[in-house]
> 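Pasting a structure here, questions to come.
All values reported here derive from a predicted model rather than from experimental measurement.
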Amino acid sequence: MSRTADTDTADTDTTTAADAAITADAARAPDVLVVGGGVIGLVTAWRTAQRGLTVTVVDPEPGGGAAQVAAGMLAAVTELHYGEQTLLALNLESARRYPAFVAELEEASGQDTGYRSCGTLAVALDADDRAHLRELHALQTRSGLTSTWLTGRECRRLEPMLAPGVRGGLRVDGDHQVDPRRLAAALVTACRRAGVGFVRGWAERLTVAHDRATGVVLADGTALAAGRVVLAGGSLSCRLGGVPPQALPPVRPVKGQVLRLEVPRAYAPFLSRTVRAVVRGSHVYLVPRESGELVVGATSEELGWDTTVTAGGVYELLRDAHELVPGITELPLVETRAGLRPGSPDNAPLLGPTALPGLLLATGHHRNGVLLTPVTGDVLATVLTDGELPAHARPFGPGRFAPVRQEQPV
Ligand code: GLY
């Protein structure tokens, strides 16, 4: 795709001392600069370094980002939505890779990721929820997925803390969980051990020379040059300056408020698997960790960059979770937090080269960032080394959103 005259002019005319420094520094530049040190940026860096490329990650706080808030459900089957069959294939591919991925990561980092193959139970509290869950079951069956319909009594036999009113449920033994905070910490260590460099700072502007991405300039004016740049900044990916419009990712922040409770040892096991439901149209899930942490999430709010934890958000989560598992009101509430999912127009990620040579994307993972971590790392490492997107990633190329050139009237 050709670039606009305006952008070409801007690139040529606004060459700064920082750009000159980048050119001068190019000999020392890494092969790949990853903008964003959340789980997606980190896995991209780790996998790419393993293939022999030199990699630097730029982020003010590597290992932070949405993973610090996320519950870590690996819920390809229970989070299936109508119209997302293409995404389902990628989600399943990543879920399939998870056991080997965490084994390798734990070996490489010497750290535990909190991966648990505990399964998920999606339950219904009233007739409407039950109808919704029956629809989901039918969609799962049509999609070749494994889930088992249970009566309310069977659900409570599996999870005795469930409310007596539970009307039925879907048992999905293939939907597991990982602890995203531990995952991020393990990825930071694995990256360091693989030789990935870290620069702590905010990437403010992409530098472009001769129609090619050449690096970034940080908020403090530091210039970083690189052979290629991967933009993996979650919802912030749309805010990097200097990116030509046709290469800018169409991502937006989707706020999620999440609570963390603590299950005292005397109460364990409180829940043995992830339990979730749709209550009055809102998703609520309870994710029990082996450590005793119980994560309750999550709201889904289109409020721009706001990350305020609101009384209303906490109230709704506790109210809905209490309807599912009344005993939660006995547990200490230890943390409330809000994060921003990087939503894309079709809820699927943007992976691979953009219209601007030298600039690639790994963003837009929306509700599935933790689930899609293994496959994203492999896809980006493949395209960075072989130049080709693997077949299973081709539907997720950024080109699917590139603006169509308008025909000029004659
Ligand atoms: N995948 C769970 C969430 O985004 O809330």
Side-chain angles (χ1 to χ4, degrees), residues 1-4 7 10-11 32-45 48 57-59 64-67 70 84 86-87 90-91 94 202-208 211-217 226 228-256 302 304-305 339-373 375-377 379-381 383-384 389 393-405:
M1 181 175 296
S2 65
R3 308 182 59 211
T4 64
T7 314
D11 288 340
V32 177
L33 183 69
V34 179
V35 178
V39 289
I40 294 300
L42 291 169
V43 77
T44 298
T48 304
V57 172
V58 57
D59 192 290
E84 293 186 3
T86 312
L87 176 59
L90 193 71
N91 286 345
S94 205
W202 278 110
E204 201 166 69
R205 183 169 64 83
L206 186 76
T207 49
V208 179
D211 272 347
R212 188 179 171 83
T214 55
V216 298
V217 177
R228 277 164 299 170
V229 176
V230 178
L231 184 46
S235 55
L236 289 167
S237 301
C238 61
R239 296 181 90 175
L240 183 68
V243 181
Q246 69 271 30
L248 199 63
V251 292
R252 66 184 197 286
V254 181
K255 177 177 171 182
E302 302 269 358
W305 302 101
L340 299 172
R341 305 174 184 89
S344 75
D346 61 3
N347 298 333
L350 295 101
L351 306 174
T354 66
L356 179 69
L359 178 66
L360 297 91
L361 299 182
T363 187
H365 292 71
H366 199 205
R367 297 185 307 267
N368 298 302
V370 177
L371 171 60
L372 289 172
T373 294
V375 80
T376 298
V379 165
L380 267 291
V383 74
L384 284 161
L389 274 175
R394 280 187 207 134
F396 305 99
R400 72 190 191 278
F401 297 125
V404 177
R405 183 192 272 270

> Applying side-chain hydrogen bond (donor to acceptor under 3.5 Å, both in side chains), can you list everything that pairs with Ser235, at least two apart in sequence or on another chain?
none
> Taking side-chain contact (heavy atoms from CB on, under 4.5 Å) as the definition, give me every residue that meets it alongside Ser94, ordered by chain and number, with sequence neighbours left out.
Leu372, Pro374, Val375
> Locate the shortest heavy-atom distance separating Ala226 from Leu33; write the atom from each residue and the value.
CB-CB, 3.4 Å
> Decide yes or no for Val216 and Thr207: does some side-chain heavy atom of the first lie under 4.5 Å from some side-chain heavy atom of the second?
no
> Checking Thr354 now: which residues fulfil side-chain hydrogen bond (donor to acceptor under 3.5 Å, both in side chains) with it, not counting sequence neighbours?
none
> If I compare all heavy atoms of Val370 with all of Ala70, which pair ends up nearest, and what's the gap?
CG2-CB, 4.1 Å
> Just wondering, do Leu240 and Arg205 contact through their side chains at under 4.5 Å, heavy atoms?
no
> Applying salt bridge (charged side-chain N to carboxylate O under 4.0 Å, His left out), name anything that partners Arg400, two or more places apart in sequence or on another chain.
Asp346
> Can Arg252 be said to sit on top of Trp305's aromatic six-ring, NZ or CZ under 6.0 Å from centre and within 45° of the ring axis?
no
> Under a 4.5 Å cut-off applied to non-hydrogen side-chain atoms, are Pro353 and Val383 in contact?
yes
> Among all residues two or more places apart in sequence or in another chain, which pass the salt bridge (charged side-chain N to carboxylate O under 4.0 Å, His left out) test with Arg228?
none
> Minimum heavy-atom separation for Val230 and Ala362, please, with both atom names.
CG1-CB, 4.1 Å
> Under 4.0 Å between a side-chain nitrogen and a carboxylate oxygen: does that hold for Arg367 and Glu84?
yes
> With a 3.5 Å distance limit and no angle check, can you tell me whether Ser237 reaches the backbone of Gly234 through a side-chain donor-acceptor pair?
yes
> Just by distance, no angles: are the side chains of Ser344 and His366 close enough, under 3.5 Å, to form a donor-acceptor pair?
no
> Can you check whether Val58 reaches Val34 side chain to side chain, under 4.5 Å on heavy atoms?
no
> Just wondering, do Val254 and Pro342 contact through their side chains at under 4.5 Å, heavy atoms?
no
> Looking only at heavy atoms, which two atoms of Val39 and Ala67 are closest? And how far apart?
CG1-CB, 3.8 Å
> Going by side-chain contact (heavy atoms from CB on, under 4.5 Å), name the residues that satisfy it together with Ala66, two or more places apart in sequence or in a different chain.
none
> Between Ala203 and Val35, what is the shortest heavy-atom contact and its length?
CB-CG1, 3.7 Å
> Between Asp59 and Gly36 (side chain of the first, backbone of the second, donor and acceptor by atom type, cut-off under 3.5 Å), is there such a pair?
no
> Write down the atom of Ala232, the atom of Gly41, and the distance for their closest heavy-atom approach.
CB-CA, 3.7 Å
